[in-house]
Every structure is written in structure tokens, then in C-alpha cells.
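What follows is a set of notes on a single structure, which appears directly below.
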Amino acid sequence: MSKSKNFLSAIVDEDLKSGKYTEVITRFPPEPNGFPHIGHAKSIFINFGIAREYNGHCNLRMDDTNPTKEDTKYVEALKDAVEWLGYDWGKNVKFTSDYFPKIYDYAIELIKMGKAYVDSLPEEDIREYRGTVTTAGKRSKYAERSVEENLDLFERMKKGEFKDGEHILRAKIDMTAANMKMRDPLLYRIRHVHHFRAGDEWAIYPMYDFAHCLSDYIEGVSHSICTLEFENNRDVYNWVLDELGLKSPRPYQHEFARLGINYTVMSKRKLLELVEGGQVSGWDDPRLPTIAGYKRRGYTPESILNFCDTIGIAKANSMVDVSQLEFCIRDDLNTKVPRVMCVLDPLKVTIVNYDGEEEIDASYYPHDVPKEGSRSLPFSREIYIERDDFNENPPKGYFRLTPEQPVRLKHAYIISCKEVIKDASGKITEIKAEYFADSKSGSDTSGIKVKSAIHWVSAGSAKEVEVRIYDRLFSAEAPEGIEDINPDSFEVIKNALIEPAVINQKPDERYQFERQGYFYADPIDYTDAKPVFNKIVGLKDSWSKKTNVTAAKSPAKKVQVDGEEVAMSEEQKSLFDKYTVDLGLNSEVANILARDTYLSSFYEEALNILNSPVSLANIVVNEVAREIKEKEASALKFNTKQIAELVKIVDDGTISSKIAKQVFEEMVKTGNNPTQIVEDKGLVQISDPAKISPIIDEIIEKNPDNVAKFKAGNTKLLGFFVGQVLKSTGGKANPKVVNELVAQKLK
RNA sequence: UGGGGAUUCGCCAAGUGGUAAGGCACCAGCUUUUGGUGCUGGCAUUCACAGGUUCGAAUCCUGUAUCCCCAUCCA
């Protein structure tokens, strides 16, 4: 993984360090109801990657709790994807359905504890009773059923005595919870359908919220990593595990942002639409962001993995630029793959002063790729070049063949154009050219300067091949549906001409077609009789970029809308006036205090002990406020008297405000008196310039570069020097004194 | 009228009170028998916005804005 830790690795580090877990177990838990795509690759990379990084293990688990949607063909696709990316799930693939008996037992346990009940409300009522995001729900009358009745009903549900939808099992949590997921979530539903693995054994199937956390627990998972949309489900996850009193270590859930890539769609639903609607040729259509699609197109697992690594892992919804992916595949293939010549749009060139034939030994790799290998390249009087490598009326900066400008045939001779032959419609059909016999590549004595070398094939020996050119499937950056499909996303070139070695010798499956891009021998349609190549990705092309000048879009800076703060009540207003007028607090601080009754009473109490209104207010608003935000006021370990004391020793210069924060943190933790803490830890401020001065000298001596930069005008560096001094004194140096001294010394 | 997340360059993304990392993209220059690659340099006086605390704030406090998720017997 990358050098800077992502937040998940940081959590794992922390958990290992604190001894919460001794082993890291993760899992990749897809539902087998669709083909895996590059978003899954990200999840695979994270889950298997973390397991690998910490010498742990990652399970591949099929989350198959919904028999109406899932199928074994998807299981295979999922296994393929994980394998292709180079990960090992160990002996067996796991299935949630393997745990159905255990999960059932846990349900019984919850019922016995009175924490779950069988509800018999019709579906619409259940929805209605749930309430809305802004209004509380209400509990079903069936929630009052006795444990015995629930047990009996649940067993009969299992036996299949009821029809689908007649009853459900749900957790008894809180129908008024602000988190909708906690309003008595469903645990089990009746489904009289065949399960692709469990067969017809079960008439009831557990819901995600119940099955997932328990499956994690059963497997001994330590870190249950999922995407952001499950954040609300975390409360249920914890509730189930906590209520069941499962012995630790038990898993905890952590969420990251799912992958979005522009010009593509990632949702299973939209992918399915494309496949079923015939917009693409199947799940492995090379334009699809499915693993099967990338594989078919010719992407390497390394490139996908590297992509997953470079995009990082975070909690902000993001849309990664496809160019990032394209970079990864080019970067991977650049050092791996042989270069060969293939003409996609042939233009015949007859070299009038050349007779006979010769074989040129040409390296497969350019000078900067440290690989060995070459092939024999036939050269003859009749060759083909790319149609757009000749131009009768060249634009400025055109480096290729023109009536006036000679060009080198890559690995061969320099030619110049003598005659342009056109058909009746004016289309160029042939070029008559002359070659320079002494210009052969490697032994050029001609002294002719050319601007570029172009690719070509010899007419007599070139092989005809099919080349499939793929472009992005959508033309919209954030495609909505099929209306955004790029009509030019697929083009077949039936009669491209390729040099013979590629077909006869087959040095590799992937090639760079010189000056064009990377191509892959299609794993399915390629035959010796009819070779087929897929374009993986084009080379970077700074020439076409120059010619297609697209209007530079100047993204309008988004305007910030400013809202209004809610108005103060009468009492708050009078308190505010008192604070600003009588006590001289600034309006911001007074505002915060006046609006919070707990804070203001805390403040006034402290003010009775120490008459230092401004300092006291600042610390109450900035530090105390944070603590009461996080904890119940009653759980606070410090009191007003101690805060007053803290402020006093800051006011009188015993400690700096920087140290005060440190002391405050200690008070929060231990409840000790500030003076005591200062004494115990020896935190008394050093203000004597005679003591500070030598430290500054030392720092200055150690950082000559930064001294030079500072003197050159980089005044931001003042903070650097002050920081260093503070650091070496454990924060005890008086920052004001340090600042003055440093500024003086560096003048 | 609720709850939960998020916001650092065009796109990703580090950074958790002391010099705003890195990659992609982009722009120059050099190298080059691929208009490729490689190399060098340029790309955030500023971290959604407005205040406050502090010697010092992307980081702490307050408020505001914007986006995403939650009312499937889906996962």
C-alpha cells in the first residue's frame, strides 16, 4: 500500500496496539446478484490488502440471504475476480447461508430475551408505522406478544406454515429512534423460494442487518469494512452484537467511500440495463467497468490494483477521473510489452527506386525498456503507411510525410514523396516515393534530418487483422442512462495490416502498436485464421491535443450562500448585553455563552471565584464547551473551581496558554487540580531569555537552509523556528519571548 | 420539523496547533528513430464561507452554506 496511511490502516494499527485484537481478519462480502466491477475491486483491494499487510486473513463470503435475487453464476464471477486480482481466500469460499442454523439460534435467543418479536402487520402498515425521517414511528400491537407465543410463531414460520409476508421477525429497539434503521428493524422474512445453495430447507431468510454482523462474528472478523451507505446500519450492527452479549473480540464496522469514475456507471442496476438492453455485448463487454470487461479488454490485474492504490481510501464521496485509470494501464504496459507495427488505415506507398526485398532485424523494445528480443521485419518496394501520416497541405507543426518533407520509416529508411496519386473523387490512393539507400536505421550516413519516424508494413507480407477500437461508453461525465451513450464507443476495423511476426511468432498477448496504443489479442474471438485485437488504451497524444483545440473551460467559482443565525430570545439577549457591556467580552464569545444555559452558568460560577471575565469566558467557550459536547455534564471530571485556578495560573504567567491546553486535557482525564498537574509534570513556563537564547542558537545552526530561506523573505518560516524551540523545551518556553528572540536573531 | 456522514488545486488525496506531502491532469524545457517513455521545472500566500480562541489555526470553538446517505419483507 501507499506510503501515507489511509484511515482504515490507522484504525487497524490502533486496534492492534491497544490489544483489542491479536489478529486481523477481514472479509469481502458481496451479494452474488451481479457481476463484480471495479468498485468491487476497490473493496477487494482494501479487504484483502489489509489482511495481507497485517499478516491476517480475508474471507471471501457470499452474502446470500436473499434467494430471490441470487445465483451461482455470480458466485463464479466473483471468485474469478478475486483470483484474477491475485488474492487468496484460503480453503473455502464462505457463504452466509452456511450460518443459517446459527443465525436462527441467535434469533431464538433474542426472542427469549424479549428483544425480538413476531410482527403480523401487513406490509403497508409496517411501512406506515415506521414513520418518516422527521416524524416518529409507532410500535405494532404485536410487539406485546409473549415470549412463548413469539417462539411458537417463529418456529412455525421456519417450518413453512405461513404464507410469504404473513409474519416477520423484528428486533424490539425503538420506534421513535432518530436513526430510521433502529425503528424495530426486520430480522427475518418468510420466503417460499428455492435457495441456490440451501435448497428448500428454509422458509425464512434472515435480513442483511441481522445476518451480516453475526456472520462477521462467527468468522472471527475483526474489522468489518463496508461502504458509506451502511453508516446508519452500524447502530443495528452494534445493537445485535451487544444485546446478544457475544464475547469479545467481536467485529466493528468501518465505512469508506465507494468508487465513482466519470464517464461510466457503476450501479448494478444500470449495468444490468446495459447488458439486458443489448447496448453492450455482455458482462464482459470491453467498454464496461466490470472486472470481466477490463479483463477482456486487456487490462492487467497489476494496473487495476495500482489504480486502487493511487486513488486512496477516504470518507468523502468522490468521482475519480478515468485518466487516472488510463495512466495506470499505460504505466504498467509501457515496461512490459513488445512494440510492433500495425497500420489501421492503410495508404499504399511505392518506393520507386527500391527493388527486391530485405529483412530488417528490429528490436521489440525501445532503448528505455530494459528487455531483450527482436523480430525480423520484411521490407520491400510496396509498403503501407497510416493514411494520416501523409498530408498534402500540412498544418503548422506537422512532422510527418508531405510532398516537401521526408520522413523515416521506423527501423528502416528515410523516404521522400515524389508523386501523389488520386482517384476521380480526389481521394489519395497511392504515394510514389523514393528512398535514400544510405539512410538505413542504425547505419545512417545520409545526413538527412527528419522530424519523425512513422510506422509501416510491407505490402507483400503484412497480415490482415481485425482491430476493435473502444472508447468510453458514455459521453456524459456523469451519465444518467442510455441517452448518454457515446455513439462512437465501438468501431471495428476489419482490414488492418500488421507485420507478420506478431501472427507467426506471437511474442506476447499484449502489444504496443507503435505510435497508436496498447492492444490485446482477444481471448475469445482470436483465431489464427482471423486474428482479433482489442484496443486497451491509446498512447498519450500531444499532437492531436494541439490540433483539437477545445475551448478551455473556466470553472465558475462557486458562490457561497450565507444563511442567518437563529435569533436570540429575550433572556439570551439580556445576557448577551451583560456580557458585552458589563464584562467586556467580544460579541462572538458572548453570543456563544448567552445561547447556552449550561455554559453560561458554568461561566458565572467560575467568575464568582476568579474575577477574570475575558480569560474565563475564552476557556469556557473554547475548551469546556467541547467537553460538554462530548460528554454528559455530570460526567465531567473537573469543576468550576479548577477552571478558575487554571485561568489564574495562565493570567499570572506561570504557564503559557499552550501549556494550559495540555493541562486542561489532563484535568479532563484525571480531574486533578491544575496546579498539581503543573507541579507533577514540571510544566512551569520558561520566560528567561538567557535560558531560551542558546536553544534558539542551536536550532538556527541546525537549519541553515531554512535560515537562508527566511532571510530571503520567507517569513512563514518564523513559525517553523518557534515550533522547533517549543518542541525542544517540551512546550515550556514562553512563545512570546521565543518569537521576539527568533525574530531578533534572524534579522 | 429528524438523524448520520462529508467539504484541502481541474480530479483523487496526505496532513490531527509550528515550512500546505504525493499522484493524475495541465503547461513549459531537455532527451528521444514512437508527437510514446524518461528527466527537469511550473502548477493552493491558502484548506467551503464568516467570525472567535492563540505568539502561531487546514487542524480547536461558534455559526452558516453545499453535497451524499437513511422511511425495501434489498444488500
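Every chain is numbered from 1 and lettered A, B, ... according to where its sequence line falls, protein lines coming before strand lines. Quick note: numbers below take in every heavy atom, side chains included, and nothing from hydrogens, waters or symmetry partners.
- Nearest nucleotide to the side chain of A:Q560, out of B:U64, B:A71, B:C12: B:U64.
- Across all strands shown, A:V133 has heavy atoms under 4.0 Å from base atoms, whether or not it also approaches the sugar-phosphate.
- At a cut-off of 3.5 angstrom, the base of B:G36 holds at least one donor-acceptor pair with the side chain of A:D368.
- In this model, the phosphate group of B:U72 is not approached by any side-chain N or O of A:R183 to a distance below 4.0 Å at OP1 or OP2.
- At a threshold of 4.0 angstrom between heavy atoms, the contacts of A:L121 include nucleobase atoms, whether or not backbone atoms are also involved.
- Not a single donor-acceptor contact under 3.5 angstrom links the side-chain atoms of A:R330 to the base of B:G36.
- Counting non-hydrogen atoms under 4.0 angstrom, A:F230 reaches a base of the nucleic acid.
- Proximity note for A:V320 (side chain, C-beta onward) versus B:C12, B:G18, B:G2: the nearest is B:C12.
- A donor N or O paired with an acceptor N or O is found under 3.5 Å between the base of B:U33 and the side-chain atoms of A:R408.
- Side-chain atoms of A:S323 lie closest to B:C24 of the nucleotides B:C24, B:U34, B:G17.
- With B:U33, B:A75, B:U34 as the choices, the nucleotide that has an atom nearest any side-chain atom of A:K181 turns out to be B:A75.
- In the interface, the side chain of A:E565 is not paired with the base of B:U62 through any donor and acceptor atom under 3.5 Å apart.
- With a cut-off of 3.5 Å on both pairing distances, B:U45 has no Watson-Crick or G-U wobble partner at all.
- Side chains of A:D444 and A:S439: a donor-acceptor N/O pair is absent below 3.5 angstrom, by distance only.
- For the pair A:Y208 OH and B:U72 P, the interatomic distance rounds to 17 Å; values are reported in whole Å.
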Next item on the list: Check step by step if salt bridge (charged side-chain N to carboxylate O under 4.0 Å, His left out) holds for A:D389 and A:R515.
Entry: CA-CA 11 Å; A:D389 281 342; A:R515 303 208 302 135; 2.3 Å; yes
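- Across B:A13, B:G35, B:U37, the shortest atom-to-atom separation from the side chain of A:S318 is found for B:A13.
- Phosphate proximity of B:C74 to A:T68: absent, as no side-chain N or O sits under 4.0 Å from OP1 or OP2.
- Within the structure, every side-chain polar atom (N or O) of A:R130 is placed at least 4.0 Å from both OP1 and OP2 of B:G2.
- Nearest nucleotide to the side chain of A:E231, out of B:G3, B:G5, B:G51: B:G5.
- Counting to the nearest Å, the P atom of B:U72 and the CG atom of A:D164 are 19 Å from each other.
- Distances shown here put a side-chain N or O of A:R189 below 4.0 Å from the OP1 or OP2 atom of B:C74.
- One can place NZ of A:K658 at 7 Å from P of B:G18, the figure rounded to the nearest angstrom.
- Counting any heavy atom pair closer than 4.0 Å across all strands shown, A:G442 reaches a base atom.
- The side chain of A:S542 contributes an N or O atom lying less than 4.0 Å from OP1 or OP2 of B:G36.
- Residue side chain A:N706 reaches the base of B:U19 through a donor-acceptor N/O pair under 3.5 Å, judged by distance alone.
- Nucleotide B:G18 holds its C1' atom 14 Å from the CD1 atom of A:I659, rounded to whole Å.
- Between the CG atom of A:N622 and the P atom of B:U62 there is a distance of 8 Å, rounded to whole Å.
- Relative to the side chain of A:N586, the nucleotides B:U72, B:A25, B:G52 differ in distance, and B:G52 lies closest.
- Atoms CG (A:D184) and C1' (B:C70) sit 16 Å apart, rounded to a whole Å.
- Counting non-hydrogen atoms under 4.0 angstrom, A:N739 reaches a base of the nucleic acid.
- With distances taken from any side-chain atom of A:R339 to the nucleotides B:U34, B:G35, B:C74, the minimum falls on B:U34.
- With hydrogens and angles left out, the side chain of A:Q324 and the base of B:G23 share a donor-acceptor pair within 3.5 Å.
- Aromatic ring pairs are classed by plane angle as parallel below 30°, tilted from 30° to 60° and perpendicular above 60°; the pair A:W543 and A:F399 is parallel.
- Pairing partner, B:C67: B:G5, with both Watson-Crick or wobble hydrogen-bond distances short of 3.5 Å.
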Check: When you look at A:Y413 and A:F379, which way does the ring-ring contact (aromatic ring centres under 6.0 Å, His included) test go after all the steps?
Finding: CA-CA 10 Å; A:Y413 301 92; A:F379 182 77; 5.3 Å; yes
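- The existence of a salt bridge linking A:E123 and A:R189 is excluded, since no basic side-chain nitrogen approaches an acidic carboxylate oxygen closer than 4.0 Å.
- Among the protein residues, A:I592 comes within range of the sugar-phosphate backbone only, with heavy atoms under 4.0 Å from sugar or phosphate atoms but none that close to a base.
- If you check every strand for non-hydrogen atoms under 4.0 Å, A:K727 touches nothing.
- Here A:I311 lies in heavy-atom contact (under 4.0 Å) with sugar-phosphate atoms only.
- When heavy atoms are screened at a 4.0 angstrom cut-off, A:T65 is found touching the sugar-phosphate backbone but no base atom.
- Side-chain atoms of A:S657 and base atoms of B:U54 include no donor and acceptor less than 3.5 Å apart.
- When heavy atoms are screened at a 4.0 angstrom cut-off, A:Q512 is found touching base atoms of the nucleic acid.
- Backbone-only engagement by A:G563 is indicated by non-hydrogen atom pairs under 4.0 Å involving sugar-phosphate atoms exclusively.
- Note: A:Y208 and A:F230 meet the aromatic proximity criterion, with ring centroids under 6.0 Å apart.
- Comparing B:U7, B:C27, B:G4 by their closest approach to the side chain of A:A316 singles out B:U7.
- At a cut-off of 3.5 angstrom, the base of B:U62 holds no donor-acceptor pair with the side chain of A:K629.
- For the pair A:K5 and B:A21, the criterion of a side-chain N or O lying under 4.0 Å from OP1 or OP2 is not met.
- Nearest to the side-chain atoms of A:K716 among the listed nucleotides B:G5, B:U46, B:U72 stands B:U46.
- For A:R339 and A:H455, the side-chain atoms include no donor-acceptor pair closer than 3.5 Å.
- Aromatic ring centres of A:F154 and A:Y188 lie closer together than 6.0 Å.
- Atom-to-atom, CG of A:L187 to P of B:U72 comes out at 17 Å; the value is rounded to the nearest Å.
- Counting any heavy atom pair closer than 4.0 Å across all strands shown, A:V621 reaches sugar-phosphate atoms only and no base atom.
- Residues A:F519 and A:Y511 place their aromatic rings such that the two centres sit no closer than 6.0 Å.
- Residue A:R515 has a polar side-chain atom (N or O) positioned under 4.0 Å from OP1 or OP2 of B:G35.
- Contacts of A:G517 with the nucleic acid, taken as non-hydrogen atoms under 4.0 Å apart, are absent.
- Between A:R127 and the phosphate of B:U72, there is a side-chain N or O to OP1/OP2 separation shorter than 4.0 Å.
- Between A:F710 and A:F720, a ring centre-to-centre spacing not shorter than 6.0 Å is recorded.
- Separating the CG atom of A:N233 from the C1' atom of B:C69 is a distance of 10 Å, rounded to the nearest angstrom.
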